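To start, the structure under review is shown below, and the notes come after it.
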Amino acid sequence: MKMPRWDRIYFFVFTATAFAVASFLSLLVLPLVEITNSETGEIVTKTIFEDGQTNIFWISILPVALSGTALFVIPKDGNPDKAGKINIWVSTFLIYVFVVLFIFINGILFFPTAILMTAAAVGSQVRRRERKIFAKSPEESKSGRGGGKRNRNKG
């Protein structure tokens with residue numbers, strides 16, 4: 001299988017979006033609500049959707065939307081511009097706020113998304129050299145600094 005040639009920042013945001021979608025879909029399957037019957041002592045576990053907490057279920061789409069918008073702003077093959085960097089940082093901050101506020105309900109599921117968005121945000125701030133696609137012209141020096149030896153006319 002051949003991996004696509006994406007920039008590292010786009011790859012981090014894409015992976016963060018994939019984890020956010022997987023975490024959101026896992027809310028349909030994972031039993032996160034525990035109900036104890038006081039008379040019998042029986043413990044019943046249910047999913048959030050089965051328990052009727054649909055508002056928490058729909059609020060949980062927020063990390064998916066935040067990482068998805070960052071995915072659309074970031075170019076696949078280069079550094080993001082200033083607006084893209086701001087989008088990544090704001091999305092990362094809001095995902096961390098979501099994780100902290102909902103840590104006891106379902107926020108821990110979105111922690112990998114927060115970590116990958118942090119990697120993308122920090123990676124977007126690191127300066128790097130642009131790769132030159134074209135080969136050096138014959139006039140350019142091959143010796144590094146200083147321009148190399150000059151041809152002298154020995155006349």
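The shown structure was predicted, so the numbers you read here are calculated from the model rather than taken from an experiment.
Here the OG atom belonging to Ser91 is positioned 14.0 Å from the CZ atom belonging to Phe98, to the nearest 0.5 angstrom. From Phe110, atom CZ reaches atom OH of Tyr96 across 14.5 Å, with rounding to the nearest 0.5 Å. A distance of 10.0 Å separates CD1 of Ile88 from CG of Leu71, quoted to the nearest 0.5 Å. Remark: Ile105 CD1 to Ile48 CD1 distance equals 7.0 Å, nearest 0.5 Å. Note: Asp77 CG to Ile74 CD1 = 12.0 Å, rounded to the nearest 0.5 Å. Put simply, CZ on Phe19 and OG on Ser67 are 12.0 Å apart, with the number rounded to the nearest 0.5 Å.
Linking Ile, Leu, Val, Met, Phe, Trp and Tyr residues whenever their side-chain heavy atoms come within less than 4.5 Å leaves Phe104 and Ile43 in two separate clusters. With hydrophobic clusters built from ILVMFWY side chains whose heavy atoms lie under 4.5 angstrom apart, Phe12 does not share a cluster with Val90. At a threshold of 4.5 Å between side-chain heavy atoms, the hydrophobic network of Ile, Leu, Val, Met, Phe, Trp and Tyr places Trp58 and Leu30 in one connected group. Under the 4.5 Å side-chain heavy-atom criterion for ILVMFWY residues, no single connected hydrophobic cluster contains both Val122 and Leu66. Cluster membership for Ile35 and Leu32, using ILVMFWY side-chain heavy atoms within less than 4.5 angstrom, is shared.
The two residues Gln53 and Val33 have their closest heavy-atom pair at NE2-CG2, 4.2 Å. The shortest heavy-atom contact between Thr92 and Met117 is OG1-O, 3.3 Å. For the pair Trp89 and Ser124, the tightest heavy-atom approach, listed with the atom from each and the gap, is NE1-OG, 4.1 Å. Residues Pro80 and Lys85 come closest through the heavy atom pair O-CE, 3.6 Å. Here the shortest heavy-atom pairing between Ala114 and Val99 reads CB-CG2, 4.5 Å. In plain terms, the two heavy atoms of Ala20 and Val64 that are nearest each other are O-CG2, 3.4 Å.
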>> Could you walk me through whether Val44 and Asn37 satisfy the side chain to side chain contact (heavy atoms under 4.5 Å, CB included) test, starting with their C-alpha distance in whole Å, then the side-chain angles of each, then the deciding distance to 0.1 Å, before giving a yes or no?
In response: CA-CA 8 Å; Val44 178; Asn37 189 345; over 6 Å; no
>> side chain to side chain contact (heavy atoms under 4.5 Å, CB included) for Leu94 and Leu62? Distances and angles first, verdict last.
In response: CA-CA 9 Å; Leu94 291 176; Leu62 183 67; 5.8 Å; no
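Side-chain contact between Val126 and Arg8 is present, with heavy atoms from C-beta onward closer than 4.5 Å. Using a 4.5 Å heavy-atom threshold, the side chains of Phe102 and Ser60 count as separate. With contacts defined as side-chain heavy-atom distances shorter than 4.5 Å, the pair Phe49/Leu27 does not qualify. Put simply, the side chain of Leu28 reaches to within 4.5 Å of the side chain of Phe57, judged on heavy atoms.
Heavy-atom neighbours of Phe111 CZ from other residues, nucleotides or ligands within 6.0 Å: at or below the threshold of 12. Counting non-hydrogen atoms of other residues, nucleotides and ligands closer than 6.0 Å to CZ of Phe14 gives a total of 12 or fewer.
Ring planes of Phe11 and Trp6: tilted class, angle from 30 to 60°.
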